[in-house]
Amino acid sequence: MKLSEIGVLTPELILNAKEAFQTPFYLYDEAIIQKKIDDVLAMPNAYGLTVSFAMKSNSNQALLQMIVERGLELDCSSMNEARRAQMAGIPYSKMMLTTQEVPRGNDQEDLHKMMLKGLEYNVCSIEQLHQIADFAAENNQALSMRVHPGKGAGETRTRNTGSKYSSFGVHLTDVEEAVTYAKEKGVHFNQIHVHIGSGGDPEAWRENIDLELSFVEKYFPDVEIVNLGGGFKEGRMPGETVADIQDLGNYAKLRFKEYYGRNNKKLRMEIEPGTYLVANAGYLVTTVIDKKHTGPDGFEFLVLDGGMEANTRPAMYGSEHPFYVISQNGSLLSSDFHNTDSELKEINIVGKCCESGDSQTLDAVGSIVPRKMADPEIGDLVVIGGTGAYCSTMSPYNYNSHAQIPEILLRTNGRLDVIRKRQTLQQMIQNEIPLKSMES
Ligand SMILES: *Cc1c(COP(=O)(O)O)cnc(C)c1O
């Protein structure tokens with residue numbers, strides 16, 4: 001029995017992996033990533049499409065290499081993301097940098113070198129533009145600009161980004177000033193970028209296309225690329241809405257064609273999915289190490305050997321992830337996606353951190369909400385799905401001095417490859433300096 005229709009992972013393969021690597025670990029199903037890549041590359045478009053993977057969602061170099069091999073580029077959220085992608089053998093010419101950092105000093109010199117090697121710099125503030133303008137003009141480097149769509153996207157249902165509570169990008173009310181400044185300096189923008197946020201309603205994404213094209217038309221008649229950002233909705237739980245890439249592409253295609261009709265300009269489209277490509281390819285494999293309860297009026301708890309230090313999304317956002325309960329002999333006892341004959345109980349799942357927020361069953365305000373699942377034995381497995389994006393990269397893994405856990409890639413032919421080893425205790429403390437050495 002496969003855990004996902006589009007993947008190859010089975011309970012049996014999970015047991016094999018547990019035997020070989022010990023829990024907890026992340027297990028990525030390559031078949032799912034490949035299928036998702038097929039989906040985004042087939043997105044309808046009018047005059048060309050570039051797909052960049054938002055590497056902050058998962059920055060393991062093996063995955064980056066696999067994704068770039070398919071013809072995708074990279075969306076980097078920091079100088080270090082660009083550097084580590086380059087260390088993975090990916091050329092700067094396949095990256096765009098969109099960062100809150102304002103590179104100065106050595107970082108600025110590094111940025112210049114990266115740009116001369118082809119990195120596209122997406123300025124996200126007036127200050128960033130001021131810092132880079134002379135270099136860009138002198139070296140004939142076209143820039144991209146991330147625009148904060150302000151009021152427009154605030155009217156959509158997207159949580160947070162695009163609203164006045166979000167600080168990302170040059171605010172629409174500053175764009176005129178930025179354009180005037182760039183003209184004086186002789187700086188050219190070849191790309192305009194808006195990222196409206198993650199996990200929003202696909203409808204918000206459609207509205208953003210209209211909004212973005214409207215200000216491109218008004219302020220940037222010379223750009224060649226319109227970047228619509230990431231934020232394609234993926235459903236981790238049954239019944240959640242999933243972005244329809246075909247439908248969104250058809251909508252964008254229509255709007256880009258109309259733009260051509262009005263302006264005689266063929267714009268290339270760029271998108272930056274993170275979640276959509278990798279979220280559902282990732283499984284956090286854990287073992288039940290203890291069972292507890294809080295009295296007759298209380299709750300049943302399962303204690304797993306992996307929790308918030310490996311998947312902090314429930315604590316951070318109240319996100320729900322699907323659970324697969326698997327017995328020690330490999331039968332699927334329950335799952336949010338499969339019908340099984342086990343009796344289901346209301347259970348809370350906690351991790352091994354001394355922190356009451358270390359639970360995988362939290363709501364958006366941090367209260368524990370029990371979930372219906374099979375009641376496993378100590379030693380059985382609980383696999384937490386939807387953990388391929390913003391888990392390995394975002395988690396506070398050394399809290400309680402737990403070690404950063406391994407990442408395993410399940411290849412399409414069934415082979416299990418280690419793509420990151422478990423951190424050792426020595427590695428955890430290697431940068432600390434003992435008190436004694438300072439007294440000598
Ligand atoms: C985070 C981010 C993305 C990816 O968002 P997802 O919701 O993971 O698709 C794309 N572009 C930028 C600029 C981002 O910051």
Side-chain angles (χ1 to χ4, degrees), residues 32-33 36-37 39-41 43 49-60 63-64 67 72-82 85 94-101 119-125 128 143-149 153 156-163 166-170 191-205 208-209 212 225-236 240-245 248-249 269-282 311-313 316-317 319 321 386-394:
I32 296 179
I33 302 176
K36 290 294 191 169
I37 293 175
D39 280 3
V40 291
L41 289 178
M43 184 172 188
L49 172 71
T50 302
V51 182
S52 292
F53 172 57
M55 68 175 280
K56 73 176 188 291
S57 63
N58 194 318
S59 43
N60 186 293
L63 297 188
L64 300 182
I67 289 168
L72 280 73
E73 304 195 351
L74 295 180
D75 157 44
C76 307
S77 293
S78 69
M79 296 282 293
N80 269 356
E81 281 193 357
K94 289 189 191 286
M95 302 179 205
M96 180 157 89
L97 177 64
T98 301
T99 180
Q100 288 281 77
E101 298 163 314
L119 173 131
E120 173 107 17
Y121 183 40
N122 189 22
V123 296
C124 294
S125 70
Q128 286 185 359
L143 298 177
S144 174
M145 189 194 293
R146 177 173 187 169
V147 178
H148 183 313
T156 70
R157 290 178 289 277
T158 313
R159 193 182 60 178
N160 215 323
T161 315
S163 77
S166 146
S167 69
F168 301 105
V170 176
Q191 177 164 185
I192 293 302
H193 171 275
V194 172
H195 169 66
I196 57 167
S198 294
D201 192 317
E203 183 56 32
W205 216 85
N208 177 55
I209 296 174
E212 188 168 352
I225 303 166
V226 169
N227 191 319
L228 302 165
F232 295 95
K233 176 83 182 76
E234 178 59 291
R236 291 177 176 84
E240 271 186 64
T241 340
V242 180
D244 182 339
I245 299 284
L248 291 174
M269 177 165 95
E270 183 154 341
I271 55 169
E272 299 173 331
T275 306
Y276 188 81
L277 290 177
V278 292
N280 282 343
N311 177 21
T312 196
R313 297 186 73 257
M316 191 103 164
Y317 313 117
S319 315
H321 288 258
T387 45
Y390 306 106
C391 290
S392 169
T393 50
M394 198 187 246

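Computed from a predicted model, the values in this text were never measured in an experiment. Both ligands and their constituent atoms are indexed starting at 1 by order of listing. Hydrogens, waters and symmetry mates are skipped; everything else that's a heavy atom, side chains included, is used.
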Undergrad: With sequence neighbours excluded, what pairs up with Q191 under the side-chain hydrogen bond (donor to acceptor under 3.5 Å, both in side chains) test?
TA: N227

Undergrad: Does any N or O of ligand 1 fall below 3.5 Å from an N or O anywhere on S77, backbone included?
TA: no

Undergrad: Would you sort out whether M43 and I271 count as a side-chain contact (heavy atoms from CB on, under 4.5 Å), showing the intermediate values?
TA: CA-CA 10 Å; M43 184 172 188; I271 55 169; 3.6 Å; yes

Undergrad: Show the atoms of ligand 1 that are less than 4.0 angstrom away from any heavy atom in R146.
TA: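 Once the distances to R146 are compared, the set is 13 (C).
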
Undergrad: Non-hydrogen atoms of F168 versus ligand 1: any pair closer than 4.0 Å?
TA: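 It does not; every heavy atom stays at 4.0 Å or beyond.
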
Undergrad: Does the N or O separation between H193 and ligand 1 drop below 3.5 Å for any pair?
TA: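 Checking ligand 1 against H193, no N or O pair falls under 3.5 Å apart.
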
Undergrad: Looking at every non-hydrogen atom in both residues, tell me the closest pair between L74 and A85 and how far apart they are.
TA: CD1-CB, 3.5 Å

Undergrad: Under the side-chain contact (heavy atoms from CB on, under 4.5 Å) rule, what do L277 and F232 come out as? Steps first, then yes or no, please.
TA: CA-CA 9 Å; L277 290 177; F232 295 95; over 6 Å; no

Undergrad: Any N or O on G274 sitting closer than 3.5 Å to an N or O of ligand 1?
TA: yes

Undergrad: Less than 4.5 Å apart, any side-chain heavy atom of V278 and any of F53?
TA: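 They are in side-chain contact.
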
Undergrad: Ignoring angles and geometry beyond distance, decide whether T98 reaches within less than 3.5 Å of ligand 1 through its nitrogen or oxygen atoms.
TA: no

Undergrad: May I ask you to identify, for D75, whether its side chain, its backbone, both or neither come under 4.0 Å of ligand 1 on a heavy-atom basis?
TA: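 Under 4.0 Å from ligand 1, D75 contributes side-chain atoms alone.
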
Undergrad: Side chains of Q128 and T99: is there a donor and an acceptor less than 3.5 Å apart?
TA: no

Undergrad: Quick check on contacts: which atoms of ligand 1 are under 4.0 angstrom from a heavy atom of Y390?
TA: 1 (C), 4 (C), 5 (O), 6 (P), 8 (O)

Undergrad: Give the minimum heavy-atom separation between C76 and A82, together with the two atoms involved.
TA: SG-CA, 3.8 Å

Undergrad: Would you check if there is a donor-acceptor pair between the side chains of E270 and S52 at a distance under 3.5 Å?
TA: yes

Undergrad: Hey, is ligand 1 close enough to Y276 that some N/O pair sits below 3.5 Å?
TA: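 The answer is no, given that Y276 and ligand 1 share no N or O pair closer than 3.5 Å.
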
Undergrad: Is A54 close to ligand 1, meaning an N/O of one under 3.5 Å from an N/O of the other?
TA: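 So ligand 1 has no N or O lying under 3.5 Å from an N or O of A54.
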
Undergrad: Distance under 4.0 Å to a non-hydrogen atom of T275: what atoms of ligand 1 satisfy this?
TA: 6 (P), 7 (O), 8 (O), 9 (O)

Undergrad: With side-chain contact (heavy atoms from CB on, under 4.5 Å) as the criterion, how do D75 and M96 come out once you've worked through the C-alpha distance, each side chain's angles and the decisive distance to 0.1 Å?
TA: CA-CA 5 Å; D75 157 44; M96 180 157 89; 5.6 Å; no

Undergrad: Heavy-atom distances under 4.0 Å are what count here, so tell me which part of E272 touches ligand 1: side chain, backbone, both or neither.
TA: both

Undergrad: Yes or no: does S57 have any heavy atom under 4.0 Å from an atom of ligand 1?
TA: no

